[in-house]
> 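The structure under discussion is supplied below as structure tokens; questions concerning it will follow.
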Amino acid sequence: MARRGKGPARSRVDRALLLAGLLGAPGVLASEARPPQEGPLPVAEPPPAEEPPPPLEPTVSDAPFLDAQPPPPAVPPRTLRPFIPHGEPDTDAPLSGGTWAAHGALTLLPLGTAWAATRVGDDSRLGPIAAEAAAGTLVASLPGRFLFVHPSYPQGRWMELEVGAFGAAFVVTPPLAALGTWGLGEVAFGGSEQRGHAYLGALGGAAAGMLVGLAAHEALRHLAGSSERLEFVRSYLAFTCIGTGATLGYQWSRTPR
């Protein structure tokens, strides 16, 4: 009976010792595996801060090339022409002897055209033909002044107004010059049998005379260069070419009554 009473109590003690041994074994093993430390644990030092880079020192390549010559451009620069704005002519520039001779020779062109008008058709009267040529020249000079518009912008660029003025004068001048010649001939000098046919002849002659007059004006202007001398003569030389051309066409196509 006595042995039976001690058995359960002993078994409880054995279980407690076994559990304590099991719980304490990992701590003992860890303490045995850890090397013995003689002093306090070392404190980890922070990594050294990186030193700032040294300041950049200017070199010769960084300095501006004050004394060095710039490299030549890939495309050579275009030579600019001297520009004299319209309205400020170079009146002091002289004309050469050949230019004076060319002006005098081309003044014979409208005179020869007026003389040719007396040799065509059935009317050879010099007075009426000269009056018809003068009327055509006078009427052609009204819109024809815009035929000699030159670009006022530097480097020869045309503005819209200049192009419009030249185009309008180019279209309007021959019909008006032909109308002046044809009207004077029909009203003052007997008229013609076919007025429409006579006007078409005057219109064709005025158009051809305008082309000849413009060519003569530009040729003389090219010879004169920057000089504006005799500009009035060059302009009215072109106008007389238009008037005499209209007269020649009128006399060639008309049939007097």
Side-chain angles (χ1 to χ4, degrees), residues 102-150 161-221 228-257:
H103 280 75
L106 286 179
T107 54
L108 301 177
L109 180 62
L111 296 178
T113 306
W115 176 83
T118 62
R119 297 290 179 244
V120 298
D122 298 330
D123 188 3
S124 60
R125 296 174 296 174
L126 181 61
I129 292 176
E132 293 169 1
T137 300
L138 181 61
V139 176
S141 64
L142 299 178
R145 67 185 64 184
F146 296 104
L147 291 173
F148 312 112
V149 174
H150 297 285
L161 293 177
E162 296 169 350
V163 175
F166 176 81
F170 192 84
V171 173
V172 172
T173 301
L176 291 181
L179 184 62
T181 297
W182 173 84
L184 185 63
E186 294 297 320
V187 172
F189 302 117
S192 57
E193 294 182 358
Q194 298 180 356
R195 292 185 174 182
H197 191 265
Y199 178 76
L200 291 179
L203 179 60
M210 182 184 66
L211 297 179
V212 174
L214 287 177
H217 178 273
E218 291 303 317
L220 293 177
R221 186 172 179 271
E228 291 292 329
R229 294 181 180 179
L230 302 181
E231 178 61 28
F232 180 82
V233 175
R234 290 192 289 269
S235 299
Y236 268 88
L237 176 62
F239 296 149
T240 53
C241 288
I242 299 174
T244 55
T247 304
L248 179 61
Y250 174 70
Q251 292 294 328
W252 178 70
S253 60
R254 73 185 289 250
T255 302
R257 294 178 181 176

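As a basis for the values below, the full set of heavy atoms in this structure was taken, side chains included, without hydrogen atoms, waters or symmetry mates. Values in this document were obtained by computation on a predicted structure and should not be read as measured data.
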> Report the distance from atom CE of Met210 to atom CG of Leu147, rounding to the nearest 0.5 Å.
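Here the interatomic distance stands at 6.5 Å.
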
> Nearest heavy-atom pair of Ala169 and Pro174: which atoms, and what distance?
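Nearest heavy atoms, Ala169 then Pro174: O-CD, 4.4 Å.
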
> How close do Ala246 and Ala177 get, counting heavy atoms only, and between which atoms?
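Looking at all heavy atoms of both residues, the shortest contact is CB-O, 4.2 Å.
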
> Answer yes or no: is there a donor N or O on one side and an acceptor on the other, between the side chain of Tyr199 and the main chain of Pro175, under 3.5 Å?
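Yes.
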
> What I want to check is whether the side chains of Glu186 and Tyr250 have a donor and an acceptor closer together than 3.5 Å.
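Yes, a side-chain donor-acceptor pair sits under 3.5 Å.
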
> Would Arg145 and Ser141 count as a side-chain contact (heavy atoms from CB on, under 4.5 Å) here? Give the steps.
CA-CA 6 Å; Arg145 67 185 64 184; Ser141 64; 6.0 Å; no

> Calculate, to the nearest 0.5 Å, the distance between atoms CG and CG belonging to Leu142 and Leu176 respectively.
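Answer rounded to 0.5 Å: 8.0 Å.
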
> Should Phe148 and Leu214 be marked as a side-chain contact (heavy atoms from CB on, under 4.5 Å) after you check the CA-CA gap, both sets of side-chain angles, and the distance that decides it?
CA-CA 8 Å; Phe148 312 112; Leu214 287 177; 3.7 Å; yes

> Say whether, by atom type as modelled, one donor and one acceptor occur between the side chain of Thr173 and the main chain of Phe170 under 3.5 angstrom.
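Between the backbone of Phe170 and the side chain of Thr173 there is no qualifying donor-acceptor contact (under 3.5 Å).
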
> Looking at CD of Glu132 and CZ of Arg254, how far apart are the two atoms once the value is rounded to the nearest 0.5 Å?
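One finds 6.5 Å between CD of Glu132 and CZ of Arg254.
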
> For the OG1 atom of Thr247 and the CG atom of Leu184, what is their distance to the nearest 0.5 Å?
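Nearest 0.5 Å value for the OG1-CG distance: 9.0 Å.
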
> Looking at Trp182 and Arg195, would you say the former's side chain and the latter's main chain have a donor-acceptor pair under 3.5 Å?
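Yes: the side chain of Trp182 pairs with the backbone of Arg195.
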
> Could you walk me through whether Cys241 and Leu109 pass the side-chain contact (heavy atoms from CB on, under 4.5 Å) check?
CA-CA 7 Å; Cys241 288; Leu109 180 62; 3.9 Å; yes

> Might you point out which heavy atoms bring Ser235 and His217 nearest each other, and give the distance in Å?
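Scanning both residues completely, I find the closest heavy atoms to be N-CD2, 3.8 Å.
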
> Give, for atom CG of Leu111 and atom OG1 of Thr240, the distance between the pair rounded to the nearest 0.5 Å.
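These two atoms lie 8.0 Å from each other.
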
> Answer yes or no: does atom CD of Glu218 have more than 12 heavy-atom neighbours from other residues, nucleotides or ligands under 6.0 Å?
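Yes, the 6.0 Å shell around CD holds more than 12 heavy atoms from other groups.
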
> I need the Ile129 CD1 to Ser124 OG distance, nearest 0.5 Å.
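Reported value, rounded in 0.5 Å steps: 7.0 Å.
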
> State whether the number of non-hydrogen atoms from other residues, nucleotides or ligands found under 6.0 Å of Leu108 atom CG is greater than 12.
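Above 12, so yes.
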
> Compare every heavy atom of Thr107 with every heavy atom of Leu237, then report the nearest pair and how far apart it is.
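Result for this residue pair: CD1-CA, 3.8 Å.
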
> Return the minimal non-hydrogen interatomic distance between Ala202 and Ser253, and the atom names on each side.
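Taking every non-hydrogen atom into account, N-OG, 4.4 Å.
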
> Determine yes or no for a side-chain-to-main-chain donor-acceptor pair under 3.5 angstrom, with His103 supplying the side chain and Arg234 the backbone.
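Flag not set: sc His103 to bb Arg234 has no pair under 3.5 Å.
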
> Run the side-chain contact (heavy atoms from CB on, under 4.5 Å) check on Arg125 and Phe189 step by step: do they pass?
CA-CA 10 Å; Arg125 296 174 296 174; Phe189 302 117; 3.8 Å; yes

> May I ask you to decide if the ring planes of Phe239 and Tyr236 are parallel, tilted or perpendicular, using 30° and 60° as cut-offs?
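Correct class here is perpendicular.
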
